Structures are given as structure tokens and as C-alpha cells.
Amino acid sequence: MQTDMPTVVTRFAPSPTGFLHIGGARTALYNWLLARHFGGKFLLRIEDTDKKRSTNEAIDAILEGMKWLELDWDGDAISQAGRAERHAEIARELLEKGKAYKCFATSEELTAARDAARASGGNFRGDLWRDRDEGEAPEGAPYSIRIRMPREGETTISDAVQGKVTVQNSNLDDMIILRSDGTPTYMLAVVVDDHDMGVTHIVRGDDHLNNAFRQHQIYEAMGWTPPVLAHIPLIHGPDGKKLSKRHGALGVEAYRDMGYLPAAMRNYLLRLGWSHGDDEIISTEQAIEWFSLENVGKGAARFDFDKLDNLNGHYIRNLNPDALLSLIRNDLEKEVGHTLETAEEERLIKGLPALAERAKRMPDVTENASLFCNVRPLSLTENAAKALQGDMPALMGKVANELEAVTDWEASVIKAAIFSFAEAEELKLGKVMQPVRAAVTGGRQCGDLVETLEILGQEETIGRLRDLIAA
RNA sequence: GGUCCCUUCGUCUAGUGGCCUAGGACGCUGCCCUUUCACGGCAGAAACACGGGUUCGAGUCCCGUAGGGAUCACCA
């Protein structure tokens, strides 16, 4: 049926040699958005043809990263290694067609040829056996299979991001497509898999741009239609240098642990290299509707934590109290040392929005949230302690007495009580509010003080005030 | 070194030959709001890498230079 044939099929094809880093995450996001935009399919393929470097831990980390970012793929993740037989079959077909040939060169010969080519300022093409008869090879000698690249003319690819890019065919090397042990190389495997999986659009890092020409020739040799290519620029570190494991390249789970929200991450990554006019805050739904390869930038982008923080703050603020609580629950309970009681939960639900207003990363919320828990005596920050020096404890004791007389524990009443107290003591309002804030929050940030007192409850408020005298 | 790609405020970017006295966002500075810190509001400093063309007119097109990057494995 034509109708159930998706018009757009994209894929994300990471090699499982490490975690899902930020560049990979963005590549995955763009592929995902493109597929969702067109109502097509987004496939996941693990490029594990290099068994020596691939690990199951890495596969798990990548899958976990994708799930955390909420990028769902269609169908099961495909193992490239599991398709080796099919790849070898294509290699043999190419051989039969005369589009590939056997290479009996030893690694020493290859290295020597490579060094010579480089020394003469030329290009190594690996073609030692291109024009030799295989009968010249020793009986039973191992051989790899190399593709026979055209030597005349040029190859042009129309990249959706980079535009038309042309390279002279004389620069193309007769790369190995099947190793002497019979396993396929990446160069062959990608092409065969993308073709077999019906991939229509390949979005990947521009470190693959040079490979595109080489792979293009496999499509040509097989008579297959090449997919649309989009090579997106790489992401650099804050200092403009390339991201590497030693240099700021973190797995997405590291961002999760730092307290970034998946939605913020997606929004940030989306804008890092793609734009839609002046829009900055873009929901995932909106992104799906707007996403297009045409608006992907060509220049490499630097990763900027300040902007990510700003965006993250926005998404934290938009979380509802219940979601917020469930996100911080674990860490908060660890911090206060006990399972949250119902009364504490109730306070948190009321108090969390004000904290979210002030947060950039989730730990900002968690740290301040302990103020709504039963932890007495409350630990004081340096500034809070300073604000409570001298005769402040005594003053707080008086405030406590004043608040104890309040029969209707409600913000307006509490406020009136504090106001009249300040007036009676002939103190400026700030002179009372400031120490009360310090005493009750211990220096933690929160919103309106009086409202905070209301949420905290009369008993806890007075207790915290009197703890000062006791201490 | 060969090949290929890239280049607008500090950063992410808008800009597809006249709408650009180059716009937005983050960050930064100042002010306002204010019971802390934020949020929010207002104002401000801040960029077309350089040099040649093409054109009546160039950030936008072409060439060169410089700078940055990618790649050159029986890795992916």
C-alpha cells in the first residue's frame, strides 16, 4: 500500500562507544523533529560494527539518554552488527558487478603507500590492487574488498544544510567495504542499512560530510536512490574549542543530574543551530510544527550554560506544584533525613511555586524547599546568622509572643500583627521583617514572608523564632 | 600536508540585494518594582573577520586573504 509508506523516515545512528553526548542529543532531536513534523518514522540504529569498542553499558546509556530527553523512536532499536550477513551479501554483489575488487595488500604495504602519498602532498587512495589480477596473490592469502571508485569527473551532493558540495572523484579513495575477516565496515553498513530501512533523510554531524561523497558512490554502484542529506555543524565548548571527553563533553545524564529539565534541554538544543525568527521559548509541540532543515545554521555553535540556565528556569517556573514535588522528593528527603509527612507535603505544594520562581536548576528548588519541612532547629546561613546577632534573639522572642496571640493564622492577620508590633516598638518594618525572615527561613530564599509564615503554620513559625533564644 | 566545510554583538541567533541608523534572546550595566532573592518592566553598552570586485545600491552575490573546524583506519 502506498498509503502506509511514510514519506519521511529518519534515523539516529550512534555508535555505542560512550554516553549520549550533547552533540548526539541534538542530532537525535533534529531527526526526531523532522520525522514528527512530517508524520514519518524516526528509527534508532546502534552502529556496533566495531565489536572491540562497543559496549552494552554504552548502549544502555544512549537508550536511557534518549528516554530522558523523551525522544521516542519507532520500532525496536536495530543492531547494525546483527545485519552483517546482509552487508557482506552486498559487498559480494558489488564484487560480481565489478564495482569492487579484492585487495590482498598487507597492512605494512598499506601504511607505506599511505605515508608516501602524504609525503608527496597527494591523497592516499588505497588502490594497490585496483588493477592487479587476483591470480598474483599468494594461494589462500586473506583479502579485503574495496570499492572501485570512479576516477574521472566529480561527485556533487546537495546537502539540505550545506548546499551543493562538490569533490573531484580523483580524490576519492577505494575504501574497504568488507574486511578480510568478512565483516563489513561502517562505510558499507550505513549505506545498506539506510537503504534497507527506507531512510529518506539523514541528519548527522558535519564530521560526516566527507564520508557523504564516498557513501554516495555506493548508492551509485548499487543503483539506489540516495536519501536527503543534512550535515549539521558540531557543537563546541564554551571556550570555542571542540568538545571532547576530556573537555566538557558530558553525557545527557550529567545534565539531568545538574538539575536540567528535558523540556529545557530540548528547547536549548533546538535553538543551538536552528531558529524560527526571534522565537526563543519554543514548546516541543511548536517545534514539531515549525521544524525545517532550511533553518538550520551552518556555523558551529558554542555551548552556553547561562542561556540553558535561563531557559531551565522558565521551564521550572511552569511546572505545577505536584510535578515539582515529585521531582525533588528524593533529594529533599535525603536532605531533611526523613520521609515527608503529610503536613510537610501540604506546605510544599503551597510553597513550591514561589521557590520555582527563583530557581535556575532543580537543586535550587530542593535546597530552599527544606524550609517547609520540620527540621528544628533550622540551620542558618552565614548571612542569616549575621542578621540575628546581638539583641535580635530577644526581639524574635517578642515577635513570637505577638504571633502566639494570633487566633486566625492567615496572611492578612499575620501581617497586621507584625505591622502593629513594629509600630509599637517604634521599629521600621524592615527591621522586624528582615530578622524574622532570617530566623524562619534560615537564609533560604522564598517568596512573600507573610505568606511563607502562613504556609509554615503558627506552631512551626513560633518554634523557629524561639529556637533562637534557646540557642 | 591533501580534500571539504564554516565566519553578524562576549554567547545563541534574525537577516535570502533596498524595510538595516543591523532586530531578538542570554549574559553584562543602570533604573523601577520590593519585607530577602528572584520574576517582571524600562533604559544602555555591545557585531556584519579583512581586502577586492559585481550592482544605482551588499550583512546579503563573486573572488582572494586571514582565522576556525572536519576528515584523510581492515574506527564509527
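Sequence lines set the chain letters: A, B, ... in the order given, protein chains first and strands last, and positions in each chain run from 1. Computed from a predicted model, the values in this text were never measured in an experiment.
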* **Contact nearer the 5' end of RNA chain B, comparing A:Leu110 with A:Glu357** => A:Glu357
* What is the nucleic acid contact for A:Arg146, judged by heavy atoms within less than 4.0 Å: base, sugar-phosphate only, or nothing? -> sugar-phosphate
* Give the rounded distance in Å between these two atoms: CZ of A:Phe213 and P of B:U71. => 14 Å
* Asked: What nucleic acid atoms does A:Leu178 come within less than 4.0 Å of, heavy atoms only: base, sugar-phosphate, or nothing?
  -> nothing
* Mind checking the C1' distance from B:C37 to B:U11? Whole angstroms is fine. -> 26 Å
* Among side-chain atoms of A:Ser412 and A:Glu410, is any donor-acceptor pair under 3.5 angstrom? -> yes
* P-based separation of B:A49 from B:A58 [nearest Å] -> 16 Å
* **Carboxylate-amine/guanidinium proximity below 4.0 Å for A:Asp174 and A:Arg214** => no
* Do we count A:His208 as stacking onto B:A76 if the rule is ring centres under 5.5 Å and planes under 30°? -> yes
* To do: Just call it for A:Asp206: base, sugar-phosphate, or nothing, with non-hydrogen atoms closer than 4.0 Å on any strand.
  => sugar-phosphate
* May I ask you to decide if the ring planes of A:Tyr255 and A:Phe303 are parallel, tilted or perpendicular, using 30° and 60° as cut-offs? => tilted
* To do: May I ask which nucleotide in the shown strands pairs with B:C56, Watson-Crick or G-U wobble, both distances under 3.5 Å?
  => B:G18
* Asked: Looking across every strand, which nucleic acid part, if any, lies under 4.0 Å from A:Thr49 by heavy atom: base, sugar-phosphate, or nothing?
  -> sugar-phosphate
* Measure from CG on A:Leu456 to P on B:U36 and round the result to the nearest Å. => 19 Å
* **Nearest-nucleotide 5' precedence on RNA chain B, A:Lys164 against A:Leu272** => A:Lys164
* Rounded P spacing from B:U13 to B:C31 in Å -> 33 Å
* **Nearest heavy atoms of A:Arg204 and A:Thr27, plus distance in Å** => CA-CG2, 3.8 Å
* Using a 4.0 Å heavy-atom cut-off across all strands, classify A:Glu47 as base, sugar-phosphate, or nothing. => sugar-phosphate
* To do: Please work out if A:Ala105 contacts a base, only the sugar-phosphate, or nothing of the nucleic acid, heavy-atom cut-off 4.0 Å.
  => base
* Asked: Going by the angle between their ring planes, with limits at 30° and 60°, are A:His208 and A:Tyr186 parallel, tilted or perpendicular?
  -> tilted
* Structure fact -> If pairing means Watson-Crick or G-U wobble with both distances under 3.5 Å, then the partner of B:A25 is B:U11
* Asked: Can you tell me how far P in B:U54 sits from the matching atom in B:U60, rounded to whole Å?
  -> 15 Å
* With both distances under 3.5 Å as the test, what is the Watson-Crick or G-U wobble partner of B:A38? -> none
* To do: Look at all strands and tell whether A:Gly297 reaches a base, only sugar-phosphate, or nothing, counting heavy atoms closer than 4.0 Å.
  => nothing
